[in-house]
Amino acid sequence: MNKTIAAALAACLALGAGGARADTFPSRPISMVVPYAAGGSTDGLARIVAQAMGKDLGQTVVVENLGGGGTMIGNQRVIRAAPDGYTLTFGNMGSLAIAPSLYPKANFDPRRDMIGIGLVATVPMVLSASKASGISTLEDFVQRLRQQGDAVNFGNAGSGSTSHIAAVYFEHVTKTKATQIPYRGAGPAIADLMAGTVDAVIDQTVTMIPLHRAGRVSALAVASPARLPQLPDVPTFAEGGVPDFDLNVWNAIAVPAGTPAPAVRRLEQALAAALRDPDVQASLEKLAAQAPAPQDQGSAALQALLERDVPRFAALIEQAGVPVN
């Protein structure tokens, strides 16, 4: 009888302790893994949101850059982490929706291996050329591609990244061919763009707006329905003669599958608070990044987006003939 009572008491204490842990989550710093090198668009957005989420959570959210492997190094770090809410990924449609089709041997599927916390922002893509290239308009760039072919090169943030898929998609719709040069993230690719080592990069407004304004690169076109107030001198792809190129990048946060529901809900709340933060809103507006509408926020909305976009990009990859690793 004493053993039975002791066992029951131990079970009650265990349940009570579990409840206390759920109620006090988080009780220590959280790691936010960005599967790209520092200095790129996704990294920049992650740092803006990490600070605001940390404020709401009462804990530091530490951004951890793990680029390489076509985002799979960072993805594997997250899905192999303890599913306790203390390891997140801040990824985008490249690492979360495109990578599964490009790296089938990795056996990664975010619909199975992760739980979405929510969308953060959708960002237009901008095609920019190096100053050294002498290219000043989208028409000039397309003409050079048609005349010189793979003598022209695109820098990208790595195989399977959004900048890689965007460049391949651009080649597909313009019926041209260039040389793709992969880097370990957008930061190194853009550094070489500024240095004139590569001719062009397609990346998010987050990186391209300040560089164009500073005269470090020449922005040729933006993937938006109308010109952006932040880049009034840069035409849309439609204005530049390539109306079929229409690619915006969504950015999102997810956790490993198996993360307890209370932790998921608390992280959802922190992300929602971050998106309401005036400083975050001002930063997103400055970078032409569009926060999700209320109905598009949260875990369920991100899960639905993954269900739509993983097969959508699989079809695009097959159609465009992108090499699969």
Side-chain angles (χ1 to χ4, degrees), residues 32-52 63-68 70-71 74-75 88-99 119-130 154-170 181-194 198 200-214 216-217 219-224 228 230-231 234 245-254 274-275 280-292 309:
M32 179 180 279
V33 176
V34 176
Y36 300 101
S41 300
T42 307
D43 176 61
L45 286 173
R47 293 177 188 279
I48 292 169
V49 173
Q51 184 176 12
V63 174
E64 181 182 352
N65 295 95
L66 285 176
T71 74
N75 282 340
L88 324 174
T89 182
F90 191 107
N92 58 27
M93 68 187 196
S95 63
L96 294 172
I98 295 171
L119 277 174
V120 174
T122 302
V123 188
M125 298 293 270
V126 179
L127 168 62
S128 294
S130 70
F154 269 110
N156 66 58
S159 298
S161 65
T162 53
S163 56
H164 174 219
I165 295 300
V168 170
Y169 183 43
F170 182 82
I181 301 179
Y183 290 80
R184 289 178 62 86
I190 290 169
D192 271 7
L193 179 70
M194 291 188 289
V198 295
V201 171
I202 302 181
D203 200 48
Q204 301 175 57
T205 50
V206 175
T207 50
M208 292 306 188
I209 286 175
L211 293 178
H212 176 73
R213 285 178 170 174
R216 305 293 299 275
V217 302
L220 307 181
V222 59
S224 56
L228 298 175
Q230 299 87 345
L231 289 173
V234 178
F245 186 88
D246 181 17
L247 191 63
N248 290 265
V249 177
W250 52 257
N251 298 264
I253 296 173
L275 293 175
V280 172
Q281 291 176 347
S283 295
L284 294 182
E285 182 178 358
K286 183 178 179 181
L287 299 170
Q290 182 68 48
D309 272 7

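Computed from a predicted model, the values in this text were never measured in an experiment. Just the heavy atoms: all of them, side chains too, but no hydrogens, waters or symmetry mates, feed the values below.
- Taking OG1 of Thr89 as the start and CG of Asn75 as the end, the distance is 5.5 Å to the nearest 0.5 Å.
- The shortest heavy-atom contact between Gly158 and His164 is O-CB, 3.4 Å.
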Trace of the side chain to side chain contact (heavy atoms under 4.5 Å, CB included) decision for Met93 with Leu247:
CA-CA 11 Å; Met93 68 187 196; Leu247 191 63; 3.6 Å; yes
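- Residues Gly68 and Arg184 approach most closely at CA-NH1, 3.8 Å, considering heavy atoms.
- Relative orientation of the Phe154 and Phe170 rings is perpendicular, given thresholds of 30° and 60° on the angle between their planes.
- Remark: side-chain polar atoms of Ser163 are paired, donor with acceptor, to backbone N or O of Ala157 under 3.5 angstrom.
- A side-chain donor from one of Ser41 and Asp203 sits under 3.5 Å from a side-chain acceptor of the other.
- Checking Leu220, Val126, Val234 one by one against His212, the side-chain contact (heavy atoms from CB on, under 4.5 Å) holds for a single residue, Val234.
- In plain terms, the two heavy atoms of Pro35 and Gly74 that are nearest each other are CB-CA, 4.0 Å.
- The distance from atom CG of Leu193 to atom CG of Leu211, rounded to the nearest 0.5 Å, is 8.0 Å.
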Set out, in order, the CA-CA distance, both residues' side-chain angles and the distance that settles side chain to side chain contact (heavy atoms under 4.5 Å, CB included) for Thr42 and Val206, then state yes or no.
CA-CA 8 Å; Thr42 307; Val206 175; over 6 Å; no
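- Considering every non-hydrogen atom in both Pro124 and Ala223, the closest pair reads CB-O, 3.6 Å.
- Atom-to-atom distance recorded for Thr162:OG1 and Asn156:CG is 9.5 Å, nearest 0.5 angstrom.
- The closest donor-acceptor contact from the side chain of Gln204 to the backbone of Gly40 lies at 3.5 Å or more, if one exists at all.
- When all heavy atoms are compared, the tightest approach of Ile209 to Ala288 is CD1-CB, 3.9 Å.
- Counting only distance, with no hydrogens or angles, the side chain of Asn92 and the backbone of Trp250 share no donor-acceptor pair below 3.5 Å.
- How far CG of Asp192 is from OG of Ser130: 10.5 Å, rounded to the nearest 0.5 Å.
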Could you go through the side chain to side chain contact (heavy atoms under 4.5 Å, CB included) check for Val34 and Arg47 one step at a time?
CA-CA 10 Å; Val34 176; Arg47 293 177 188 279; over 6 Å; no
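- A donor-acceptor pair under 3.5 Å is absent between the side-chain atoms of Gln290 and the main chain of Val123, judged by distance alone.
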Take Val201 and Ser128 through the side chain to side chain contact (heavy atoms under 4.5 Å, CB included) test and state the conclusion after the steps.
CA-CA 6 Å; Val201 171; Ser128 294; 5.7 Å; no
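- Other residues, nucleotides and ligands contribute over 12 non-hydrogen atoms within 6.0 Å of the CD atom of Gln230.
- Put simply, the side chain of Thr205 gets close to the backbone of Leu287: a donor and an acceptor are under 3.5 Å apart.
- With hydrogens and angles ignored, the 3.5 Å screen pairs no side-chain donor or acceptor of Asp43 with any backbone N or O of Tyr36.
- Summarising the local packing, CD of Glu64 is surrounded by more than 12 heavy atoms from other residues, nucleotides or ligands at distances under 6.0 Å.
- Counting all heavy atoms, side chain and backbone alike, Asp309 lies closest to Ala97 at CB-CB, 3.9 Å.
- By the salt bridge (charged side-chain N to carboxylate O under 4.0 Å, His left out) test, Arg216 is found to be paired with no residue, residues two or more places apart in sequence or in another chain being considered.
- The distance from atom CG of Leu284 to atom CD1 of Ile48, rounded to the nearest 0.5 Å, is 6.0 Å.
- Residues Val198 and Tyr183 have side chains in contact (heavy-atom distance under 4.5 Å, counting atoms from C-beta outward).
- With rounding to the nearest 0.5 angstrom, the OG1 atom of Thr207 is 3.5 Å from the CD1 atom of Ile190.
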